[in-house]
Amino acid sequence: MRVMAGISGRLLVLTVVVVMLVEVSIFVPSVARFRMDYLQERIVRAEIAAMTVMAAPDGHVARDLQTRLLRNSGTLNVAVREAGVRILALPGEPIESMAMTFDLRDATALDLIRDAIDCLFGEKEGTVIRVIGETGNGVFSQVEITLYAQPLRAAMMDYGIRILQLSLIISLITAACVFLVVRRFVVAPLLGVIGSMQAFQANPEDPARVITPASRLGEVAEAERALAAMQRDVHMALRARARLASLGEAVAKVSHDLRNILASVQLMADRLEMSNDPLVARVLPKLIGSLDRAIALCQTTLDFGRPEERAPELRRIELAPLIDEVAEAAGVTASDGTVRLVASIPPDAVVKADPKHLYRVLLNLMRNAGEAIRASGLPGEIALSLHPGEGTSILRLRDTGPGMPRKARENLFRAFHGGARQGGTGLGLAIAAELARAGGGRLELVETGETGTCFEIHLPD
Ligand SMILES: Nc1ncnc2c1ncn2[C@@H]1O[C@H](COP(=O)(O)OP(=O)(O)O)[C@@H](O)[C@H]1O
Ligand SMILES: [Mg+2]
């Protein structure tokens, strides 16, 4: 209802104001026109009266008739000009003072307007004016009358008031029409659109709540169509999300059970180590390696599927011991023949981070680097260093591996997309980036190429 009061109410007031303004702008000229007609009519009547008098045998009529002729023409006295001579055709009462003289013959529209205003506001009781005019029918070249200004003024006022009343009625009718039209064709469809939005918002999964475009008005129909399209998109996205969520749940369950089954298989495989069978001895290492990878795949999938990582608990941690721990877990300790870890971290270096999260980030990066170097078949090095930044500490991890494959570079930090390694999931970097972000920092790939790869972990201080 508020919208209705808004648009149509405002238009109602606006229409009344505009129509009144237009009316006022034509009010002044039309009052001037009215005055001109009023005076011209007096001139015509005065001419007829003068003709009557001058038609008399000696140009004189009885005093009584003269008075009646003057009263009939609404004038005080009448003079005419014939063949260049001015004749006082109907002399009335002597006039004491003449307030103004108006010549209708050569008055411009502007003169007429100015005279009308003077007439409305400038005249007092008993004022007498003289008016000069012509009728154009060729009897006299000029007719000159005197008359009281007051009746003229009263007639003009009367006329003006009638115009104003009429304007008011017209503007009210117009405004009412505008109000109804706007309400019917703009506000009502708008309310329909708003209602549909609200209904949809309340339950976006109900396809019946998608608006059916029904308006025949171009813009409103367009709004309805756009809304319908948007609602359908949202609806589809929600359905897709719901389906993905249940799929994710299923994958998590499968991964969980599979991991447990594989773990028991692993136990059994371990027992086979005692066998003396040469075939078993040949196949067993590969079998155990495959099992390890399969278990790791299940585990990372499970980790990723966890609905939400717990909120990071930031605290100051000593970096050196953490790195030792990670190196151990990633299998890149100094004793390793192919991969050498060079950690130039001051023994007392301290950073602010969630220790479990930072452990996982570093583990992913270091494991990737180790895997890349080993896969190249050449010995290599992983260098770790700490640099101060602006309000951050930057932990740089550079390896001398073969660089990231194109697929991994193009899908950097995209879960399940960037894996370019047999047995990998393409989750490690995505998780690492997510964890770094959760702690207020970020993970960046600085460079990767034939001479190696460099990642930076930015940790806010
Ligand atoms: N330091 C690195 N050097 C070369 N390649 C790398 C490096 N780190 C990651 N990669 C590549 O990026 C891919 C994605 O890594 P990751 O997200 O950890 O997934 P995963 O290790 O499960 O494959 C890897 O498969 C690997 O090809
Ligand atoms: Mg990895």
Item checked: Worked verdict on Ile317 versus Val351 for side-chain contact (heavy atoms from CB on, under 4.5 Å) -> CA-CA 6 Å; Ile317 39 180; Val351 290; 4.0 Å; yes
Next item on the list: Please step through side-chain contact (heavy atoms from CB on, under 4.5 Å) for the pair Leu39 and Leu147, ending with a clear verdict.
Entry: CA-CA 10 Å; Leu39 294 176; Leu147 68 165; 4.2 Å; yes
Next item on the list: Could you go through the salt bridge (Lys or Arg N to Asp or Glu O under 4.0 Å) check for Asp37 and Arg33 one step at a time?
Entry: CA-CA 6 Å; Asp37 290 347; Arg33 174 84 219 169; 3.2 Å; yes
Note to self: Does Leu287 form a side-chain contact (heavy atoms from CB on, under 4.5 Å) with Leu284? I'd like the steps, not just the answer.
What the structure shows: CA-CA 5 Å; Leu287 177 69; Leu284 193 61; 4.1 Å; yes
Notebook entry, point to check: Is there a side-chain contact (heavy atoms from CB on, under 4.5 Å) between Asn364 and Leu429 once you walk through the steps?
Noted result: CA-CA 7 Å; Asn364 268 307; Leu429 288 178; 5.7 Å; no
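Heavy atoms only, all atoms of each residue included: Val210 and Gln231 are closest at CA-OE1, 3.3 Å. The two residues Gly192 and Ile211 have their closest heavy-atom pair at O-CD1, 4.5 Å. Nearest heavy atoms, Ser167 versus Glu23: OG-OE1, 3.0 Å. Of all the heavy atoms in Cys119 and Leu152, the pair that sits closest is SG-CD2, 3.6 Å. Residues Arg374 and Gly331 approach most closely at NH2-O, 2.8 Å, considering heavy atoms. For the residue pair Val339 and Gly370, the shortest heavy atom distance occurs at CG2-O, 4.1 Å.
A salt bridge does not link Lys356 with Glu313: none of the charged nitrogens is closer than 4.0 Å to a carboxylate oxygen. The pair Lys253-Asp257 fails the salt-bridge criterion, with no side-chain N (NZ, NE, NH1 or NH2) lying under 4.0 Å from an Asp/Glu carboxylate O.
Contact annotation: the side chain of Arg162 approaches that of Tyr159 to within less than 4.5 Å [non-hydrogen atoms, C-beta and beyond]. Residues Ile382 and Ile373 have side chains in contact (heavy-atom distance under 4.5 Å, counting atoms from C-beta outward). The closest side-chain heavy-atom distance from Pro355 to Arg315 is below 4.5 Å. Put simply, the side chain of His256 reaches to within 4.5 Å of the side chain of Leu302, judged on heavy atoms. Contact of the Arg42 side chain with the Val131 side chain is not registered, since no non-hydrogen atoms from C-beta on lie closer than 4.5 Å.
Counting heavy-atom neighbours within 6.0 Å of Tyr148 OH, excluding the residue itself, gives a total of 12 or less. Within a 6.0 Å sphere centred on CE of Met236, heavy atoms belonging to other residues, nucleotides or ligands number 12 at most.
Of the inter-residue distances, the one linking Ile288 atom CD1 with Asp270 atom CG reads 5.0 Å to the nearest 0.5 angstrom. The line from CG of Leu358 to CG of Leu363 is 11.0 Å long, rounded to the nearest 0.5 Å. To the nearest 0.5 angstrom, Leu395 atom CG is 8.5 Å from His387 atom NE2. A distance of 9.5 Å separates CG in Leu191 from CZ in Arg183, rounded to the nearest 0.5 Å. Note that the CE atom of Met404 and the CD atom of Glu447 stand 12.5 Å from one another [nearest 0.5 Å]. Residue Arg398 holds its CZ atom at 9.5 Å from OG1 of Thr453, rounded to the nearest 0.5 Å.
Relative orientation of the Phe455 and Phe413 rings is tilted, given thresholds of 30° and 60° on the angle between their planes.
Thr400 places a side-chain N or O within donor-acceptor distance of the main-chain N or O of Glu381, the cut-off being under 3.5 Å. Looking at His235, its side chain does come within 3.5 Å of a backbone N or O of Pro204 through a donor-acceptor pair. Without hydrogens or angle criteria, Arg437 side chain to Arg442 main chain gives no donor-acceptor distance under 3.5 Å. For Asp354 (side chain) and His357 (main-chain N/O), a donor-acceptor pair under 3.5 Å exists by modelled atom type. Listed for the Glu134 side chain is no donor-acceptor partner under 3.5 Å among the backbone atoms of Arg105. In this structure a side-chain-to-backbone donor-acceptor pair under 3.5 Å is missing from Asp233 to Met230.
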Solution key, residues 323-330 side-chain donor-acceptor pairs under 3.5 Å, sequence neighbours excluded:
none

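A cation-pi contact, defined as under 6.0 Å to the ring centre and within 45° of the axis, links Arg35 to Phe102.
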